[in-house]
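These values consider heavy atoms only, across backbone and side chains, with no hydrogens, waters or symmetry-generated copies. Treat the numbers as computed from the prediction; the structure is a model and nothing was measured.
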Amino acid sequence: MAQWQRTHTCGQLRSSDAGKTVTLCGWVHAYRDHGGLVFVDLRDRYGLTQVVFDPSAGAAMHALARELRTEWVVSVTGTVTLRPEGTRNPKLATGDIEVRAQSLEILNRADTPPFEISSDEAVHEEVRLRYRYLDLRRPALQQVLILRHRLNKIVHRYFDESGFIEVETPMLGRSTPEGARDYLVPSRLHRGCWYALPQSPQLYKQILMVAGFDRYYQIARCLRDEDLRADRQPEFTQLDIEMSFVEMQDVMQVIEGFLVRVFGELLGYNISLPLPRLSYNEVMRKYGTDKPDLRFGMEIVDITDLVSNTEFRVFRQAVEQGGIIRGICVRQSADRYSRKRLEELEEFAKRYGAKGLAWLKVEVDKFSSPIEKFIPAGVQQSLRERFQAQPGDMLLFVADSEKIVCDSLAALRNHLAAELGLIRPGQFALAWVIDFPLLVWDEEENRWVANHHPFTSPVDEDLPYLETKPGTVRAKAYDLVVNGYELGGGSIRIHRPEVQQRVFRMIGLDDEQARKRFGFLLDALRFGAPPHGGIALGMDRLVMLLAGLSSIRDGIAFPKTQRAQDLMTGAPAPVDIKQLKELGLA
RNA sequence: GGGGGCGUAGCUCAAUUGGUCAGAGUGCCGGACUGUCGAUCCGGAGGUUGCGGGUUCGAGUCCCGUCGCCCUCGCCA
């Protein structure tokens with residue numbers, strides 16, 4: 001072992017180690033030069049240890065120590081010593097001891113970093129991404145990646161114990177219609193042909209079920225060339241699951257067991273099972289979205305029947321045009337919303353298509369509102385009862401098409417909860433959403449499209465109506481919703497070729513097209529496909545939720561910007577003309 | 001493609017209606033200091049106010065264009 005190599009890490013030493021001679025390696029986190037004594041906080045991913053350089057331990061070493069700067073990489077050999085009484089640091093795990101240096105080796109000097117590693121101060125993300133290696137050196141981000149590692153370990157342990165087999169699936173596949181935009185890779189050996197990077201291993205895992213693997217899992221990288229969001233990256237990681245001879249409950253139970261382990265082991269957070277199962281229609285009605293944040297109430301209430309005949313023209317017209325009127329009750333907040341702030345809320349609602357936002361402030365014996373005079377006393381009383389409104393509450397209404405009412409009230413609900421602090425930090429609300437429609441009508445393409453994906457099985461009793469009442473057919477699909485995020489989704493798949501053919505036809509894929517794109521799947525279904533189903537969870541989102549992050553990027557070592565660039569490496573970048581010629585692209 | 005926010009010293013931010021507004025904290029450099037741990041004290045350097053153009057006697061501030069980052073709608077089976 002070279003003399004500079006470490007015997008311990010910077011988070012390891014305790015008072016019981018006093019007297020030992022040790023060597024520590026790490027980065028200079030902070031230095032405090034008293035002219036005589038020099039204190040250095042040495043950092044590695046395990047923690048911080050204070051090193052003391054005393055002139056009496058060697059003048060040359062002490063002089064060298066005075067040259068140290070933050071982020072230099074050093075090796076220090078010295079004696080573990082109990083700190084003098086009154087100088088112990090309870091904020092550090094190693095705060096009872098210090099290492100009195102006997103020798104110091106500078107392993108590498110460092111330029112002054114563009115931002116302080118030792119500070120938690122928020123730095124513009126652009127700078128952090130350009131110098132990602134420095135950002136990743138910050139303890140906060142290291143803790144997130146360590147948490148992610150522990151999560152991955154739980155995945156492997158849990159699914160192995162539950163009889164699942166990990167199988168890797170190709171990155172280079174074929175492009176399939178529907179779904180997200182593909183990332184394409186040119187084929188050198190087949191001019192004019194392209195591979196597609198996987199949007200998910202969906203078809204492969206179904207094929208694995210046909211192959212008899214029965215229980216499959218994979219931590220799979222997925223790529224989609226779509227626009228980014230705070231919770232969406234172009235490449236992301238899914239926990240991908242597929243099981244044979246199962247129905248919905250079986251898949252859901254496996255995932256519930258997994259979630260109990262994850263939240264319990266990583267956060268000490270107790271999840272009670274079974275998770276609530278809410279129907280799609282119910283959540284759309286109560287929350288206006290299929291991924292409701294259930295950490296607070298403020299449920300949406302329909303009042304179309306109560307107010308459609310009032311004098312208020314906005315309400316009347318909405319109903320005459322086939323629209324609806326729904327609202328939410330914001331408890332004990334009337335005095336917090338001035339006219340100006342209510343206008344801001346209206347502007348917020350307008351971003352989601354609402355033409356306006358009507359409001360009523362509830363007082364003891366009346367409503368305070370510009371529209372109060374249009375609402376008869378009887379209706380006012382009914383509104384009170386329907387919202388269970390108390391004095392001090394505020395009612396907000398949107399009158400429009402069902403889609404706009406749902407979109408705007410759902411967004412408003414989340415916005416208000418954040419603004420009013422209705423969400424307790426560290427709180428989690430998990431639920432399943434089930435009974436999704438199998439097909440939804442696409443106005444732009446003027447055809448039915450698969451709500452989840454075209455391999456999702458219809459509910460058995462709805463199957464006869466697939467062609468006659470397509471909009472009412474339910475899917476054997478389930479989404480896992482956590483704190484307003486879609487953490488995962490899955491379904492029981494179609495395992496009979498004739499049903500698959502009917503669904504393909506309904507979404508406008510004729511037999512020839514279907515054969516061309518998915519012939520291998522249709523073939524496979526003919527060779528003894530077991531009933532099967534599965535699910536995929538977004539690992540990046542799960543990390544984000546577990547770590548309490550507001551962006552998925554902070555749980556990813558090397559994330560991309562909203563324009564899908566890597567600011568550190570500069571990807572994407574032009575390539576050499578020679579590479580293009582080899583591919584027949586130039 | 002649309003809407004919104006941000007861009008001033010390495011970093012985080014400030015600068016009334018266009019008029020000593022080129023500033024603070026921190027970091028950095030130098031000096032002092034033997035028990036600090038957000039060390040302290042003294043001194044110093046550091047700016048094309050993202051970039052380009054325009055209006056004006058005068059622009060960090062107003063206008064137009066453009067670039068970058070973030071949030072969002074569309075998009076994401």
Open item on the list: Check this one for me: any side-chain N or O of A:Gln562 less than 4.0 Å away from OP1 or OP2 of B:U72?
Closed with: no
- [ ] Taking only Lys NZ, Arg NE, NH1 and NH2, and the carboxylate oxygens of Asp or Glu, determine whether A:Arg100 and A:Glu98 approach each other closer than 4.0 Å.
- [x] yes
Task: Same-atom distance (C1') from B:C64 to B:U55, integer angstrom - done: 11 Å
Open item on the list: I'd like the C1' distance from B:C62 over to B:C57, given in whole Å.
Closed with: 16 Å
Task: Face-to-face contact A:His34 to B:G35 six-ring, under 5.5 Å, under 30° - done: no
- [ ] Ignoring the backbone of A:Val127, work out which of B:C11, B:C76, B:U72 is nearest its side chain.
- [x] B:C11
TODO: Output yes when at least one side-chain N/O atom of A:Thr70 is less than 4.0 Å from OP1 or OP2 of B:C28, else no.
DONE: yes
Open item on the list: Using the side-chain heavy atoms of A:Glu98, tell me which of these nucleotides is nearest: B:C11, B:G74, B:G35.
Closed with: B:G35
Open item on the list: Between A:Arg541 and B:C76, is there a contact of a side-chain N or O with OP1 or OP2 at under 4.0 Å?
Closed with: no
Open item on the list: With a 4.0 Å cutoff (strictly under), does any side-chain N or O of A:Thr112 reach OP1 or OP2 of B:G27?
Closed with: no
- [ ] Taking atom C1' in both B:G19 and B:G58, compute the distance separating them and give it to the nearest angstrom.
- [x] 7 Å
Task: Selection from B:U36, B:G35, B:G74 that lies nearest to any side-chain heavy atom of A:Arg32 - done: B:U36
Open item on the list: Check this one for me: any side-chain N or O of A:Arg229 less than 4.0 Å away from OP1 or OP2 of B:C73?
Closed with: yes
Open item on the list: Centre-to-centre under 6.0 Å for A:Phe53 and A:His62, is that the case here?
Closed with: no
TODO: Output yes when at least one side-chain N/O atom of A:Arg232 is less than 4.0 Å from OP1 or OP2 of B:C73, else no.
DONE: no
- [ ] In whole angstrom, give me the gap between the C1' atoms of B:G47 and B:U12.
- [x] 16 Å
TODO: Look at the side-chain N and O atoms of A:Arg563 and state whether any lies under 4.0 Å from the OP1 or OP2 oxygen of B:G68.
DONE: yes
Open item on the list: Measuring only between side-chain heavy atoms, which start at C-beta, is A:Asp290 closer than 4.5 Å to A:Tyr280?
Closed with: yes
Open item on the list: For the aromatic rings, using the six-membered ring if either is Trp, is the centroid distance between A:Phe518 and A:Phe455 under 6.0 Å?
Closed with: yes
Task: Paired nucleotide for B:C6 [Watson-Crick or G-U wobble; both distances under 3.5 Å] - done: B:G68
Open item on the list: Is the phosphate of B:G3 approached by A:Lys350 (side-chain N or O, under 4.0 Å from OP1 or OP2)?
Closed with: no
Task: Short side-chain to backbone donor-acceptor contact, A:Glu226 and A:Arg181, under 3.5 Å - done: yes
- [ ] Please measure how far the P atom in B:G25 lies from the corresponding atom in B:G44, and state the result in whole Å.
- [x] 13 Å
Open item on the list: Under 4.0 Å, counting only non-hydrogen atoms across every strand here, what does A:Tyr352 touch: a base, just sugar-phosphate, or nothing?
Closed with: sugar-phosphate
